[in-house]
Amino acid sequence: MLEEIAPEMLTEEGGERKRELALRNVRGNVVMRFAPNPSGPLHLGHSRAAVLNDYFVKKYGGKFILRLEDTDPKRVLPEAYEMIEEDLEWLNIEVGEKVIQSERMEIYYHHCERLIEMGHAYVCQCDPEEFRRLKNQGIPCRCRERSVEENLELWERMLDNSLEGAVVRLKTDIKHKNPSVRDFPIFRMEDTPHPRTGDRYIVYPLMNFSVPVDDHLLGITHVLRGKDHIVNTEKQRYIFQYFQWEMPEYIHYGILKIEGTVLSTSKMYQGILKGEYRGWDDPRLGTLRALRRRGIRPEAIYRSMLEIGIKPADVKYSWENLYAINREIVDKDAKRFFFVENPKRLKVLGAEPKTVYLRMHPDRDLGTRELPFEGEVYISDDLEVNKMYRLMELCNIVVEKIEGDVVYARYHSEDFRILRRKRGKIIHWVPVKDAVKTVVVDTEGRERPGFAEKDFRKVDVDEIVQFERYGFARVDEKRENGELEIICYFAHK
RNA sequence: GCUCCAGUGGUGUAGCCCGGCCAAUCAUGCGGGCCUUUCGAGCCCGCGACUCGGGUUCAAAUCCCGACUGGAGCACCA
């Protein structure tokens, strides 16, 4: 692995040490491909390959090819083609060329014929179980002995659909130490209609055939793939050898896991079908659209993936790392608002009405907001009787009594230093009058209802805000049916 | 079970190929302090790691062997 990449180079730039990911064997421009199976939208796991490909293409100059690998009609979700392109665009990845494998069937057929003609492939009609039994003992099946002419004839019959359950196998090494490499299949018959080509084809290439053929034909120079493909690379090497093609650099990175999150398209899809998740952008999922909805910026994902890099060891990534990067990106533009969850009413006795004006951002000029105080506010903290608190930016109060969901307090003083001396807590608050009904959907998909201050109604959908002392959230929807209700998705603290 | 890959603080990452400059980098996290009327940002201080055991060597995180641990693959999926 390490001979294929130079994952780290220390360069002196402006006196600063700078780490840089690098590829080996770069001669001029690079051509790289991102090759997902269109069975769903992109998730964090995909973003690693996508980002790294994009990074190297931009670093060295070259082309990013999006190749949709849809040669298994059973594993194609029609909407996924478009979702994948949207996701890449959101990540700010420029697709230089798009290739859809189901449109290239004739190319695969042609190359298969050539292999048969060269005597490197044969049609096998053995029962799969029977073949496996022989293969595991390193014994070739009878089909392997067939002549080129016979094989070509049987191949034609496969294409005509007048043969049942036949496959084309590549002649490799029937005693190869890895049994799965021994005469592995390269074409199979499948009568499930394809979402794009319908029933036009019945014979489909397997990835270990279509991948090397396309990698060569598209002029790919470097391939980044998960290490679950190591054996496939070994298999595909035979194809390159038989055609006498130069092999691109194949680089295998470790498996990415992120704590507590399923990164499996099929599992997510099952959960959606079962109604467990509300869709591909359910906040519990690791899809890019779920993260987008929660206010995770694409730059944060990009930087995360670059930080993780391409080392062959597995990675158990922590959300905290991603959140920290996102917080840094989002903080400077996030307007501040007060939001109280599980609201309680607080009646302040003896206080004069007063309007306070607060900044939308503590360090930058993003405008001001006003909170008119008239004696009654919502709060979310559990207060204790006889203790002093400060309504942030307003005044100090002392709690007198608590009756159910209503707290009664008395005005104490103005100066926050008094509060400091008494070691009281500062709490945030929302005037009851004109409070905006707000729901924050947390990362577990739970709805947390509450109220936000009145100026929150001015936010735009898609804005990322910070609810002070609560966390960052993205404004998802403004519902207006009689009363305004704003739905937000929680990002992180 | 077999084949292959990998193991640096809680997490990610640098260093490993070309042994000494590594009593190990940076970030995040955590603890404390300053600042701030946010549990955000900023600043300061601190905590915390070379899986283990052998070997080679004057010298090993770096090379070799073994163990252990983790992962991947062992499909007519990608």
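Naming convention: chains lettered A, B, ... in sequence-line order (proteins, then strands); numbering from 1 in each chain.
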**Q** Residues two or more places apart in sequence or in another chain: which of them pass salt bridge (Lys or Arg N to Asp or Glu O under 4.0 Å) with A:Lys98?
**A**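 Salt bridge (Lys or Arg N to Asp or Glu O under 4.0 Å) list for A:Lys98, sorted by chain: A:Glu85.
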**Q** How far does the P atom of B:G10 sit from the matching atom of B:C30, given to the nearest Å?
**A**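 Approximately 15 Å lies between the P atom of B:G10 and that of B:C30.
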**Q** Within residues 354-364 of chain A, find the residues that approach RNA chain B with a heavy atom at under 4.0 Å, and present them sorted by residue number.
**A**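 A:Pro362, A:Asp363 - these, ordered by number, are the residues of the stretch whose heavy atoms sit under 4.0 Å from the strand.
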**Q** What heavy-atom pair brings A:Arg48 and A:Val315 nearest, and what distance separates the two atoms?
**A**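 Taking every non-hydrogen atom into account, NH2-CG2, 4.3 Å.
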**Q** Scan A:Lys332, A:Gln466, A:Arg336 and name whichever one has a side chain to side chain donor-acceptor pair (under 3.5 Å) with A:His361.
**A**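 When A:Lys332, A:Gln466, A:Arg336 are each tested with A:His361, the side chain to side chain donor-acceptor pair (under 3.5 Å) holds only for A:Arg336.
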**Q** Can you tell which of B:C39, B:U37, B:A6 lies closest to the side chain of A:Ala313?
**A**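 From the listed options, B:A6 comes nearest.
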**Q** Would you give the length of the straight line joining atom CG of A:Asp455 to atom NZ of A:Lys335, rounded to the nearest 0.5 angstrom?
**A**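 Result: 10.0 Å between the selected atoms.
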**Q** Closest approach to the side chain of A:Arg327, judged atom by atom: which nucleotide of B:G40, B:U13, B:A27 is it?
**A**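 Comparing B:G40, B:U13, B:A27 against the side chain of A:Arg327, the answer is B:G40.
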**Q** Taking only residues two or more places apart in sequence, or in another chain, which ones meet A:Tyr489 in a ring pair (Phe, Tyr, Trp, His ring centres under 6.0 Å)?
**A**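 Residues passing ring pair (Phe, Tyr, Trp, His ring centres under 6.0 Å) with A:Tyr489: none at all.
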**Q** Output the rounded distance in Å from CG (A:Asn321) to C1' (B:A14).
**A**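 Those two atoms, CG and C1', are 15 Å apart.
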**Q** How far, in whole Å, is B:G20 from B:A59 if one measures between their P atoms?
**A**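 It works out to 14 Å between them.
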**Q** Expressed in whole Å, how much space separates the C1' atoms belonging to B:U36 and B:A41?
**A**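 Straight-line distance between the two C1' atoms is 9 Å.
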**Q** Can you check whether any acceptor in the base of B:U11 is under 3.5 Å from a donor in the side chain of A:Glu259, or vice versa?
**A**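 No pair found.
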**Q** Please work out if A:Glu320 contacts a base, only the sugar-phosphate, or nothing of the nucleic acid, heavy-atom cut-off 4.0 Å.
**A**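 Answer is sugar-phosphate: A:Glu320 comes under 4.0 Å of backbone atoms only.
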**Q** Can a donor-acceptor pair be found between the side chains of A:Glu320 and A:Tyr317 at a distance below 3.5 Å?
**A**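 Result is no, nothing qualifies.
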**Q** In whole angstrom, give the distance that lies between atom CD of A:Gln137 and atom C1' of B:C2.
**A**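 To the nearest whole Å, that distance equals 15 Å.
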**Q** A:Arg336 has an atom CZ; how far is it from atom P of B:C39, in whole Å?
**A**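 Answer to the nearest Å: 12 Å.
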**Q** If you measure from the C1' atom in B:U69 to the same atom in B:U57, how many Å do you get, rounded?
**A**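 B:U69 and B:U57 have their C1' atoms separated by 29 Å.
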**Q** Does A:Arg182 count as lying over the ring of A:Phe131, i.e. NZ or CZ under 6.0 Å from the six-ring centre, within 45 degrees of the axis?
**A**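 Output no; distance or angle outside limits.
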**Q** Consider only side-chain N and O atoms of A:Arg390 and A:Asn396, and report whether a donor and an acceptor are under 3.5 Å apart.
**A**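 A:Asn396 and A:Arg390 do have a side-chain donor-acceptor pair below 3.5 Å.
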**Q** Apply salt bridge (Lys or Arg N to Asp or Glu O under 4.0 Å) to A:Arg237 and list each qualifying residue two or more places apart in sequence or on a separate chain.
**A**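 Expected list: none.
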**Q** Using the P atoms only, state how far B:G53 lies from B:G19, rounded to an integer number of Å.
**A**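 Here B:G19 and B:G53 have their P atoms 24 Å from each other.
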**Q** Carefully, step by step, assess A:Ile186 and A:Arg169 under the rule side chain to side chain contact (heavy atoms under 4.5 Å, CB included).
**A** CA-CA 6 Å; A:Ile186 55 176; A:Arg169 294 187 179 282; over 6 Å; no
**Q** Which whole number of Å gives the distance between the C1' atom of B:A27 and that of B:C64?
**A**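 The answer is 34 Å between these two C1' atoms.
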**Q** Using whole Å, what does the distance between atom C1' of nucleotide B:U36 and atom CD of A:Glu468 come to?
**A**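 Whole-Å distance recorded here is 11 Å.
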**Q** Please list, chain by chain and in numerical order, all residues satisfying salt bridge (Lys or Arg N to Asp or Glu O under 4.0 Å) with A:Glu130, sequence neighbours excluded.
**A**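 Expected list: A:Arg133.
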**Q** Could you give the distance separating B:U8 and B:G71 at their P atoms, to the nearest angstrom?
**A**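 Nearest-Å result for B:G71 against B:U8 at atom P: 14 Å.
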**Q** Mind checking what makes ring pair (Phe, Tyr, Trp, His ring centres under 6.0 Å) contact with A:His111, not counting sequence neighbours?
**A**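 Applying ring pair (Phe, Tyr, Trp, His ring centres under 6.0 Å) to A:His111 gives A:Phe243, A:Trp245.
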**Q** How many Å lie between CD1 on A:Ile310 and C1' on B:C17, as a whole number?
**A**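 In whole Å, B:C17 C1' and A:Ile310 CD1 are 15 Å from each other.
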**Q** Select base, sugar-phosphate, or nothing to describe what A:Tyr317 touches, counting heavy atoms under 4.0 Å on all strands.
**A**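 Sugar-phosphate, backbone atoms only, no base.
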**Q** Please work out which of the three classes, parallel, tilted or perpendicular, describes the rings of A:Tyr378 and A:Phe451, given edges at 30° and 60°.
**A**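 If you compare the ring of A:Phe451 with that of A:Tyr378, the planes turn out parallel.
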**Q** Rounded to whole angstroms, how far apart are NZ on A:Lys311 and P on B:G70?
**A**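 Atom-to-atom, A:Lys311 to B:G70, this comes out as 17 Å.
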**Q** Distance to the ring centre below 6.0 angstrom and angle to the axis at most 45 degrees; does that hold for A:Arg369 and A:Phe338?
**A**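 The answer is yes; both the distance and angle limits are met.
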**Q** For A:Phe416 and B:U37, what is the distance between atoms CZ and P respectively, to the nearest whole Å?
**A**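 My rounded result for the distance is 5 Å.
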**Q** So which protein nitrogen or oxygen atoms get under 3.5 Å of nucleotides 42-44 of chain B's nitrogens or oxygens?
**A**
none

**Q** What nitrogen or oxygen pairs link the protein and nucleotides 45-47 of chain B at under 3.5 Å?
**A**
none

**Q** Given A:Arg364 and A:Arg359, is the side chain to side chain contact (heavy atoms under 4.5 Å, CB included) satisfied, shown in steps?
**A** CA-CA 9 Å; A:Arg364 298 184 59 210; A:Arg359 309 178 53 149; 5.7 Å; no
**Q** Choosing from B:G12, B:U37, B:C17, which nucleotide comes nearest the side chain of A:Glu307?
**A**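 Selected nucleotide: B:G12.
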**Q** Considering residues at least two apart in sequence or located in another chain, which fulfil the salt bridge (Lys or Arg N to Asp or Glu O under 4.0 Å) criterion with A:Arg446?
**A**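 Applying salt bridge (Lys or Arg N to Asp or Glu O under 4.0 Å) to A:Arg446 gives A:Asp442.
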**Q** Sequence neighbours left out, what passes ring pair (Phe, Tyr, Trp, His ring centres under 6.0 Å) with A:Tyr269? Give chain and number order.
**A**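 With neighbours one apart ignored, the set is A:Trp280.
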**Q** What distance, rounded to whole Å, do you find between the two P atoms, one in B:U56 and one in B:U3?
**A**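 Going atom to atom, P in each nucleotide, I get 29 Å.
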**Q** Just how far, in rounded Å, is C1' of B:G40 from CZ of A:Phe338?
**A**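 So the two atoms are 13 Å apart, to the nearest Å.
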**Q** Does A:Phe472 reach a base, just sugar-phosphate, or nothing at all? Heavy atoms under 4.0 Å.
**A**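 A:Phe472: backbone/sugar contact only, no base atoms under 4.0 Å.
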**Q** Where the side chain of A:Lys493 is defined as all heavy atoms beyond and including C-beta, which of B:C39, B:G40, B:G12 is the nearest nucleotide?
**A**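 Out of B:C39, B:G40, B:G12, the nucleotide with an atom closest to A:Lys493's side chain is B:C39.
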**Q** Just by protein heavy atoms under 4.0 Å, how would nucleotides 71-78 of chain B read 5' to 3' in B, S and -?
**A** BSSS-BBB
**Q** Treat a base pair as Watson-Crick or G-U wobble with both distances under 3.5 Å, then lay out RNA chain B in dot-bracket form, 5' to 3', with | for cross-strand pairs.
**A** (((((((..(((.......[.....)))((((((.......))))))...(((((..]....))))))))))))....
**Q** Distance only, no hydrogens: is a donor on one side chain within 3.5 Å (strictly under) of an acceptor on the other, for A:Asn208 and A:Gln236?
**A**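 Yes.
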